[in-house]
There are 2 protein chains.
Amino acid sequence: MSGKVKMVTMRDVAQASGFSPATVSIVLNNAPLARYIAPATKKRIEDAAKKLGYRPNAMARFLRSRRSQTVGVMIFDITDPFCTPVLRGIENALYQSSYVPIFADAHNQRTRFERYLEMLLEHHVEALIVVANWLFVDIQLLADLSKRNITAATIGWEVPGDSVSSVMVDNEAGGRLALEHLYHLGHRKIAAIRGPKMLIDSGPRWKGIQKFAHSVGLEIDPSLVVQLPDELEANSGFEGGYRFTEELLERKKKFTAVLAFDDLTAFGAIRALTKAGVKVPEQCSVVGFDDVPLSALAAPSLTTVRQPLEAMGNMAVNLVVEGIKAGLEKRDWSISRHKMTPELVIRDSTRAMLTAADD
Amino acid sequence: MSGKVKMVTMRDVAQASGFSPATVSIVLNNAPLARYIAPATKKRIEDAAKKLGYRPNAMARFLRSRRSQTVGVMIFDITDPFCTPVLRGIENALYQSSYVPIFADAHNQRTRFERYLEMLLEHHVEALIVVANWLFVDIQLLADLSKRNITAATIGWEVPGDSVSSVMVDNEAGGRLALEHLYHLGHRKIAAIRGPKMLIDSGPRWKGIQKFAHSVGLEIDPSLVVQLPDELEANSGFEGGYRFTEELLERKKKFTAVLAFDDLTAFGAIRALTKAGVKVPEQCSVVGFDDVPLSALAAPSLTTVRQPLEAMGNMAVNLVVEGIKAGLEKRDWSISRHKMTPELVIRDSTRAMLTAADD
DNA sequence: TGTCTGACTTGAAACGATTCAAATTGACGG
DNA sequence: CCGTCAATTTGAATCGTTTCAAGTCAGACA
């Protein structure tokens with residue numbers, strides 16, 4: 001149908017401008033040597049390039065310069081609403097740095113993770129960013145990357161050793177914020193749905209809660225505490241929240257607030273409460289964690305502890321870009337672990353206790 | 001830190017196995033010529049490759065064979081919940097075909113779209129898939145792609161001309177399903193929030209509604225119909241739904257159901273109704289369109305017309321993969337336009353009219 | 001013995017860019 | 001008129017694969 005358009009190569013630009021390919025390369029890339037090129041020459045070359053519609057061939061460029069302008073972005077499950085803002089943050093920061101993201105979604109499966117890793121390596125990504133929030137697969141493989149001089153960063157997870165940078169929220173501070181909020185609203189009988197043991201976030205988040213409770217002399221009734229099981233189903237948070245809230249209700253112990261492990265869990269809890277005829281927030285407050293996008297839209301909108309997801313994506317990119325630069329300049333460089341500060345977002349799912357209440 | 005690991009090239013495999021690079025290439029790619037290679041040779045080469053941990057260099061391969069194993073995926077706004085399932089569908093299908101997606105998010109901005117297009121071309125993607133649901137940017141540029149022999153497909157939008165395939169939902173059928181449902185529940189005073197004029201979906205969806213109304217002799221009161229403005233804000237659907245429902249309520253005309261343009265609009269409507277003290281679904285039913293992931297989780301969960309989003313992503317990939325194949329074999333090939341059938345998903349935001357009602 | 005078949009393998013030329021060491025040029029001081 | 005120097009520009013090698021036309025070689029056949 002269409003007459004195959006011949007690709008415009010650097011040769012063509014050289015011919016058109018009357019200089020050699022070497023010069024063209026130097027000018028168009030603004031290489032160090034460009035300092036010595038006469039301004040008139042530069043102009044002629046640039047004009048020729050524009051007129052011909054020259055577009056550098058990223059592949060050919062890589063072959064010589066070892067730079068693919070490409071970064072692997074491995075998401076463990078794009079279906080999880082947590083991931084979208086993070087991805088946005090990553091994408092945006094990469095765009096600023098003129099890198100192009102190669103997208104991989106592991107679907108929470110180890111084999112898929114491995115195969116994608118393989119593919120990313122074949123495509124010679126200059127760095128790898130892994131978003132691994134709700135994840136039950138070990139990612140030790142990442143440690144090997146540093147051997148190949150590929151900088152890597154994880155978001156929402158940490159890899160032991162000193163070869164992978166990471167960006168996480170300060171879970172302990174977040175846990176504290178959540179309980180503090182309920183406490184100040186006057187709640188004392190507080191149920192809690194803890195995160196699965198295997199999740200890295202669960203521990204610190206709970207610790208923050210306990211610390212605050214202790215600091216104000218609040219006792220958390222163990223019979224009002226449940227823990228999500230280790231599962232890797234998508235949306236298992238919602239299901240879990242629903243099921244365990246039902247269980248809490250069946251125990252017939254009174255509570256006026258629920259501290260959910262994350263937003264999805266919170267939605268599950270709200271659903272269970274509503275179904276049981278308990279009005280949120282009138283009769284029971286619920287607070288989540290993460291502030292995934294739908295939390296603002298849901299009815300009632302969710303009070304939650306916000307992770308700065310987009311900023312975390314940004315941060316991870318900045319880290320690996322620094323790593324890439326260091327590698328190029330053969331500078332020393334060491335990984336870093338970032339803890340971002342969470343923020344309480346107050347919406348409609350929590351409410352102050354009526355004066356009548358307490359004990 | 002780490003001792004730079006030398007890359008294993010095909011040369012190394014050749015040396016190790018005692019054959020020439022040419023033979024190695026033929027064997028490892030299972031090229032046509034492999035028919036003539038002795039089985040013993042194949043085995044030795046494959047063993048050597050495995051032992052050395054050989055990994056083909058995608059870039060070098062491209063340079064010669066013109067195959068990048070790469071497909072561009074341009075999303076107009078990943079923040080829109082509509083996009084996630086589509087992306088999942090695309091990713092999954094590409095993975096099956098051993099293509100790697102290069103991810104681009106236009107943020108609904110023309111300049112960004114153009115720049116990304118440029119970058120994708122530099123990376124020599126073999127095809128391009130564009131997800132463009134809530135989009136106010138013209139994508140005529142896509143037509144140029146066919147000149148470069150790059151097959152393209154759009155999801156949720158159509159490009160005039162015969163150079164770009166497309167996958168859309170059958171909006172007219174969907175509109176019909178929505179109204180039909182409300183009608184069968186006994187609703188007669190139905191408010192409608194139409195989509196923005198510039199959106200390609202708005203027209204057909206409304207047409208489906210009107211056709212059904214006409215077929216059962218239902219009159220849709222024009223004073224109960226509003227139309228969303230042309231805006232490109234993220235979540236403008238939610239805002240719009242909220243604002244226009246408030247407006248409808250102010251008009252003091254009674255209605256028992258709302259036909260929202262899409263799910264986000266529906267959530268906005270529900271929020272406005274709830275705020276005004278109108279209970280959903282007890283006093284007013286609301287039906288959406290799309291079935292974005294959060295529709296199942298929200299409270300009340302949303303009755304909606306489902307677009308098979310993941311399948312649409314799949315479909316688009318199949319189309320472009322066929323296009324790529326045809327191009328390689330120099331076969332003729334022409335684009336196609338697919339209309340997927342929508343499906344009514346009944347959840348908790350709609351309810352049958354009480355007998356007392358009507359007129 | 002010489003030639004002819006297959007049946008396998010391979011040499012060498014691309015592909016499009018980058019990178020230095022080296023070439024060219026013109027001017028200038030001696 | 002020559003040597004030197006600074007200011008520009010370039011030749012040619014190289015990156016790792018793929019691709020055919022062409023090579024090798026053992027045995028079969030005349």
Side-chain angles (χ1 to χ4, degrees), chain A residues 4-46 48-49 52-70 121-124 126 328, chain B residues 4-46 48-49 52-70 121-124 126 328:
Chain A
K4 199 162 207 159
V5 187
K6 190 81 186 71
M7 193 171 24
V8 180
T9 79
M10 208 157 80
R11 253 195 151 63
D12 301 325
V13 178
Q15 223 119 52
S17 64
F19 292 93
S20 75
T23 313
V24 174
S25 172
I26 289 162
V27 170
L28 261 28
N29 293 302
N30 206 357
L33 251 35
R35 300 185 336 85
Y36 305 117
I37 305 281
T41 307
K42 286 187 185 171
K43 179 144 184 18
R44 272 169 60 198
I45 290 180
E46 276 155 5
L52 297 183
Y54 170 71
R55 220 190 300 278
N57 181 324
M59 313 286 181
R61 185 215 294 295
F62 163 82
L63 208 51
R64 194 78 242 277
S65 70
R66 311 269 82 177
R67 309 218 40 192
S68 65
Q69 318 261 57
T70 267
L121 289 176
E122 287 180 9
H123 282 271
H124 290 270
E126 294 188 45
L328 283 166
Chain B
K4 198 161 206 160
V5 186
K6 189 82 187 72
M7 191 168 29
V8 179
T9 80
M10 208 156 78
R11 251 193 153 65
D12 300 324
V13 177
Q15 223 120 52
S17 65
F19 292 94
S20 74
T23 313
V24 174
S25 171
I26 290 163
V27 170
L28 261 27
N29 293 302
N30 207 355
L33 249 35
R35 300 183 339 84
Y36 304 117
I37 305 281
T41 306
K42 286 187 186 171
K43 180 146 182 17
R44 272 170 58 197
I45 289 180
E46 276 154 5
L52 297 184
Y54 170 70
R55 220 190 298 279
N57 181 323
M59 313 284 183
R61 185 214 292 295
F62 163 83
L63 207 51
R64 194 75 243 275
S65 70
R66 314 269 80 178
R67 307 216 42 191
S68 66
Q69 318 261 56
T70 266
L121 289 176
E122 287 180 9
H123 282 271
H124 290 271
E126 293 188 48
L328 283 166

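Computed over heavy atoms, backbone and side chain alike; hydrogens, waters and symmetry mates excluded. Predicted model only: the values in this text are computed from it and were never measured.
Ile26(A) contributes atom CD1, which lies 4.5 Å from atom CG of Leu33(A) (distance to the nearest 0.5 angstrom). Taken from CG in Leu28(B) to CD in Glu46(B), the straight-line distance is 6.5 Å, to the nearest 0.5 Å. With values rounded to the nearest 0.5 angstrom, Tyr36(B) atom OH is found 15.5 Å from Thr41(B) atom OG1. Of the inter-residue distances, the one linking Phe19(B) atom CZ with Ile37(B) atom CD1 reads 8.5 Å to the nearest 0.5 angstrom. Summarising the geometry, atom OG belonging to Ser68(A) is positioned 4.5 Å from atom CE belonging to Met59(B); distances are rounded to the nearest 0.5 Å. Distance OG/Ser20(A) to CE/Met10(A): 8.0 Å, rounded to 0.5 Å.
For the segment residues 10-18 of chain B, no residue has any heavy atom less than 4.0 angstrom from an atom of DNA chain C. Of the residues in residues 33-45 of chain B, those with a non-hydrogen atom less than 4.0 angstrom from any atom of DNA chain D are Leu33(B). Contacts of residues 58-67 of chain A with DNA chain D (heavy atom under 4.0 Å): Leu63(A), Arg64(A), Arg66(A).
Taking 4.0 Å as the cutoff to heavy atoms of chain A, we find the contact window on DNA chain D bounded by dT8(D) to dG16(D).
Contacts of Ser25(B) classified as side-chain hydrogen bond (donor to acceptor under 3.5 Å, both in side chains), with partners at least two apart in sequence or in another chain: Asn29(B). Under the side-chain hydrogen bond (donor to acceptor under 3.5 Å, both in side chains) criterion, Ser17(A) pairs with no residue, sequence neighbours left out. Partners of Arg11(B) under the side chain to side chain contact (heavy atoms under 4.5 Å, CB included) rule, at least two apart in sequence or in another chain, are Thr9(B). Ser65(B) pairs by the side-chain hydrogen bond (donor to acceptor under 3.5 Å, both in side chains) definition with nothing, not counting sequence neighbours. Residues satisfying the ring pair (Phe, Tyr, Trp, His ring centres under 6.0 Å) test with His124(B), not counting sequence neighbours, are Phe62(B).
Inter-axis angle, ends of the helix from dT1(C)-dA30(D) to dG30(C)-dC1(D), five pairs per end, rounded to 10 degrees: 80°.
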Give the C-alpha distance, both sets of side-chain angles, the deciding distance and a yes or no for side-chain contact (heavy atoms from CB on, under 4.5 Å) between Asn57(A) and Met7(A). CA-CA 9 Å; Asn57(A) 181 324; Met7(A) 193 171 24; 4.2 Å; yes
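Applying the salt bridge (Lys or Arg N to Asp or Glu O under 4.0 Å) definition to pairs two or more places apart or across chains, those involving residues 54-68 of chain B are Glu118(A)-Arg55(B), Arg67(B)-Glu126(B). Sorted by first and then second residue, the salt bridge (Lys or Arg N to Asp or Glu O under 4.0 Å) pairs involving residues 25-44 of chain A (not counting sequence neighbours) are Lys43(A)-Asp47(A).
Within 4.0 Å (heavy atoms only), Thr9(A) reaches sugar-phosphate atoms of the nucleic acid but no base atom.
Protein atom CG of Asn29(A) is 17 Å distant from nucleotide atom P of dG16(C), rounded to whole Å.
Using a 4.5 Å cut-off on side-chain heavy atoms (C-beta onward), Gln69(A) and His123(B) make contact.
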